[in-house]
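Read the structure below first, then the notes.
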Protein chains: 2
Amino acid sequence: MGGSEIRRTMPLFPIGIVMQLADLTARQIRYYEEHELISPARTEGNRRLFSLNDIDRLLEIKDLLEQGINMAGIKKILAVNHMESADSDLVAKKPELSDEQLRTLLKKEMLSPGKISRSSLRAGDLSRFFR
Amino acid sequence: MGGSEIRRTMPLFPIGIVMQLADLTARQIRYYEEHELISPARTEGNRRLFSLNDIDRLLEIKDLLEQGINMAGIKKILAVNHMESADSDLVAKKPELSDEQLRTLLKKEMLSPGKISRSSLRAGDLSRFFR
DNA sequence: AATATTATGTTAGCTTTTCTAACGTGAAAT
DNA sequence: ATTTCACGTTAGAAAAGCTAACATAATATT
């Protein structure tokens with residue numbers, strides 16, 4: 001739970017979509033969870049909900065597997081990756097915004113439809129899937 | 001369908017998530033679809049799948065409704081909005097990437113986990129929900 | 001070589017989520 | 001006084017996801 005890494009952790013995607021985005025079977029995804037390589041959120045009804053971070057991890061896992069590394073190895077590697085990106089905060093720690101605040105912000109910017117302010121946005125790996 | 005407006009049109013979100021993101025009931029969302037204010041994609045099994053653009057539109061609809069405008073009015077307004085952002089392409093028309101190409105690209109960048117290249121990314125309204 | 005482990009596939013039975021269709025409703029317009 | 005509008009609510013069906021269990025081809029171990 002560091003810095004501005006907030007929104008990429010928002011649980012949004014059901015497993016069906018994740019299967020497509022990561023090109024993995026449901027079985028594989030659940031297996032990686034069994035081995036604690038990912039920990040997707042759950043709905044009230046116990047359905048998995050994945051965040052962008054989760055999907056990133058799945059892509060990493062997939063890649064590492066293709067390189068012949070096994071669960072144990074991948075777990076170590078991903079742990080290290082986590083370390084690295086954790087407290088190396090040179091980044092300003094922005095205050096966390098509530099959903100409501102976000103929505104009101106959105107509404108304001110939305111009424112001028114065409115010019116979209118490039119404000120305080122940083123983009124990462126998977127965001128590439130959007131836009 | 002112009003320019004680089006490609007990925008924002010990717011059908012990703014089930015209605016349950018959209019309800020949360022846009023703070024709307026399922027009934028409302030379906031009602032707006034009945035009135036052709038949105039046209040979300042469908043899965044093989046006929047479940048709605050919303051894109052980021054769809055969610056943007058829903059937020060616009062919500063806002064316009066709160067301003068006392070009715071379906072007919074909103075339809076007109078959204079039509080205009082579409083016009084504006086349509087062929088005013090000063091933006092370079094990048095070649096469309098396939099999912100496979102995207103994934104391979106991702107994999108390559110992913111192996112250096114820390115430095116994320118800020119390459120050719122532009123961000124819009126709802127992307128704010130992520131990151 | 002025989003056996004065990006890994007990373008999946010497959011199937012079954014069950015629960016959650018979403019779907020359409022229909023009827024109900026308060027506020028506003030006519 | 002009635003319609004119309006923008007929803008709420010409910011019912012019944014179907015899709016999508018869940019866990020648990022057994023099956024299996026490769027690979028590793030003994």
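To find a chain, count down the sequence lines: A is the first, B the second, and so on, and within it residues start at 1. What you see below is based on every heavy atom in this structure, not just the backbone, and it leaves out hydrogens, waters and symmetry mates.
Proximity of a side-chain donor or acceptor of D54(A) to a complementary backbone N or O of S51(A) within less than 3.5 Å is detected.
The side-chain hydrogen bond (donor to acceptor under 3.5 Å, both in side chains) check on N70(A) picks up nothing, with sequence neighbours excluded. For E36(A), the salt bridge (Lys or Arg N to Asp or Glu O under 4.0 Å) partners two or more places apart in sequence, or in a different chain, are K75(A).
Rounded to whole Å, the distance from CZ on F50(A) to C1' on dG17(D) is 10 Å. When rounded to the nearest whole Å, the span between CD1 of I74(B) and C1' of dC7(D) equals 13 Å. Rounding to whole angstrom units, CZ of residue R42(A) and C1' of dT17(C) are separated by 15 Å. Rounded to a whole Å, the CG atom of N46(A) is 21 Å from the P atom of dG13(C). Residue L65(B) contributes atom CG, which lies 13 Å from atom P of dC5(D) at whole-angstrom precision. For E66(A) and dA7(C), the CD to P distance is 14 Å, given to the nearest whole Å. Rounded to whole Å, the distance from CD1 on I17(A) to P on dA15(D) is 17 Å. With rounding to whole Å, M71(A) atom CE is found 16 Å from dA28(D) atom C1'.
Remark: of the listed residues L12(B), V18(B), I17(B), I17(B) is the sole one forming a side-chain contact (heavy atoms from CB on, under 4.5 Å) with P14(B).
Residues from residues 25-35 of chain B lying near DNA chain D, meaning a heavy-atom separation below 4.0 Å, are T25(B), R27(B), Q28(B), Y31(B), Y32(B) in numerical order.
Contact check for I61(A) versus I38(A): side-chain heavy atoms found under the 4.5 Å cut-off. Inter-residue side-chain proximity for Y32(A) and M71(A) is flagged as met; some heavy-atom pair is nearer than 4.5 Å.
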Checklist entry - Can you list the steps and then say if R48(B) with R42(B) is a side-chain contact (heavy atoms from CB on, under 4.5 Å)? => result CA-CA 5 Å; R48(B) 268 167 269 254; R42(B) 300 284 184 133; 2.9 Å; yes
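Between dA15(D), dC18(D), dC7(D), one nucleotide has an atom nearer to the side chain of T43(B) than all others, and that is dA15(D).
The nearest heavy atom of DNA chain C to G45(A) and to I69(A) marks one nucleotide each, and the one closer to the 5' end goes with I69(A).
Side-chain atoms of R47(A) and base atoms of dT17(C) include no donor and acceptor less than 3.5 Å apart.
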